[in-house]
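A short write-up of the structure that comes next.
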Amino acid sequence: MTGHAMIVDDSRAIRGIIGNTLKELGFQVASAGNGREALEQLPSLPALDLFLVDWNMPEMNGYEFLQAVRKEAQWDKVPVVMVTTETEFGQMERALAAGADEYIMKPFTRDVLREKLQLLGFVCE
């Protein structure tokens with residue numbers, strides 16, 4: 001499987017963990033430390049197949065980023081997985097209502113990430 005994914009998380013460690021898993025699954029990976037940085041990078045990236053986005057970040061949080069990409073025709077259909085410590089059900093509902101496709105709670109395992117990708121139609125053998 002090949003595809004292009006962007007990880008948006010203010011934790012370098014989390015970007016590394018998710019990035020390594022995605023690379024093992026055949027993705028090429030771009031990353032950003034917050035939503036604003038991610039939006040600035042988008043025009044220079046190849047077409048993306050997936051966003052993995054943290055909720056709590058400085059400058060522009062994941063929810064704001066989600067709202068921004070859903071307003072842009074070229075990004076509005078790209079699956080977005082919120083990867084976050086936000087465990088409150090209301091937060092999950094807000095993200096899904098705003099256009100998130102899946103939600104992963106931190107901490108998570110590689111298997112949980114693979115399962116979510118399978119649910120989104122990415123083949124993970």
Side-chain angles (χ1 to χ4, degrees):
M1 163 193 184
T2 57
H4 293 87
M6 176 174 246
I7 303 162
V8 186
D9 197 303
D10 58 329
S11 166
R12 185 185 314 264
I14 294 294
R15 290 193 310 264
I17 291 166
I18 295 172
N20 287 338
T21 299
L22 291 175
K23 287 174 187 171
E24 289 171 13
L25 298 173
F27 280 92
Q28 292 184 30
V29 178
S31 64
N34 63 61
R36 186 171 323 287
E37 185 181 308
L39 288 177
E40 289 170 1
Q41 287 184 38
L42 286 179
S44 64
L45 295 174
L48 291 171
D49 302 296
L50 178 66
F51 290 106
L52 293 107
V53 183
D54 184 25
W55 189 296
N56 296 307
M57 296 179 287
E59 294 189 49
M60 176 185 267
N61 69 37
Y63 183 74
E64 293 164 336
F65 174 79
L66 173 63
Q67 291 177 310
V69 295
R70 288 300 181 235
K71 290 178 185 171
E72 299 293 328
Q74 69 193 90
W75 309 113
D76 70 342
K77 301 286 188 254
V78 177
V80 175
V81 178
M82 297 299 289
V83 184
T84 181
T85 57
E86 290 291 339
T87 57
E88 189 179 310
F89 189 72
Q91 297 285 72
M92 187 184 316
E93 282 183 321
R94 280 181 62 210
L96 295 172
D101 297 278
E102 284 293 336
Y103 204 92
I104 297 175
M105 306 280 189
K106 294 178 186 175
F108 61 92
T109 65
R110 183 177 187 274
D111 290 339
V112 167
L113 179 56
R114 290 174 57 96
E115 286 170 17
K116 294 293 184 178
L117 294 177
Q118 285 176 320
L119 286 173
L120 292 171
F122 295 101
V123 179
C124 303
E125 299 300 331

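Here the structure is a predicted model, which means the values were calculated and not measured. Heavy-atom basis, side chains included; hydrogens, waters and symmetry copies ignored.
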Can you find a heavy atom in the side chain of Asp54 that is under 4.5 Å from one in the side chain of Ile14? no
Carefully, step by step, assess Val53 and Val69 under the rule side-chain contact (heavy atoms from CB on, under 4.5 Å). CA-CA 12 Å; Val53 183; Val69 295; over 6 Å; no
Does Glu64 use its side chain to pair, donor to acceptor, with the backbone of Asn61 at less than 3.5 Å? yes
Residue pair Met82 / Gln91, side-chain heavy-atom distance below 4.5 Å: no
Within the distance-only criterion (no hydrogens, no angle test), does the side chain of Asp49 pair as donor or acceptor with the backbone N or O of His4 below 3.5 angstrom? yes
If you take all heavy atoms of Pro46 and Trp75, which pair is closest and at what distance? O-CH2, 4.4 Å
All heavy atoms of Met57 vs all of Gly33, minimum pair found to be SD-O, 3.8 Å
Closest non-hydrogen atoms of Val29 and Gly19, given as atom of the first, atom of the second and distance, are CG2-O, 4.0 Å
What distance separates Arg15 CZ from Ile17 CD1, expressed to the nearest 0.5 Å? 11.5 Å
Once rounded to the nearest 0.5 Å, what's the spacing between atom CG of Asn34 and atom CE of Met60? 8.5 Å
Should Leu22 and Ile7 count as side-chain neighbours, where that means a heavy-atom distance under 4.5 Å? yes
Exercise: identify the closest heavy-atom pair between Pro79 and Leu120: CB-CD1, 4.2 Å
Let's go through Phe122 and Leu25 carefully: what are the C-alpha distance in whole Å and the side-chain angles of both, what is the deciding distance for side-chain contact (heavy atoms from CB on, under 4.5 Å) to 0.1 Å, and is it a yes or a no? CA-CA 9 Å; Phe122 295 101; Leu25 298 173; over 6 Å; no
At what distance, to the nearest 0.5 angstrom, does CG of Asp10 lie from CG of Asn56? 8.0 Å
For the backbone of Leu117 and the side chain of Glu102, can you confirm whether one donor and one acceptor N or O come within less than 3.5 Å of each other? no
Leu119 side chain reached by Glu115 side chain, heavy atoms, under 4.5 Å: no
Of all the heavy-atom pairs spanning Gly35 and Phe65, show the shortest one and how long it is. O-CD1, 3.6 Å
Salt bridge (Lys or Arg N to Asp or Glu O under 4.0 Å) with Asp101: which of Lys116, Arg70, Lys77? Arg70
Aromatic rings Trp55 and Tyr63: how do their planes relate, parallel, tilted or perpendicular, breaks at 30° and 60°? parallel
With a 3.5 Å distance limit and no angle check, can you tell me whether Arg36 reaches the backbone of Glu59 through a side-chain donor-acceptor pair? yes
Closest non-hydrogen atom pair, Leu66 against Gly99: CD1-C, 3.9 Å
Check step by step if side-chain contact (heavy atoms from CB on, under 4.5 Å) holds for Leu42 and Phe51. CA-CA 11 Å; Leu42 286 179; Phe51 290 106; 3.8 Å; yes
Would you call Phe108 and Ile18 a side-chain contact if the rule is heavy atoms closer than 4.5 Å? yes
So, do Thr84 and Tyr103 sit near enough that their side-chain heavy atoms are less than 4.5 Å apart? yes
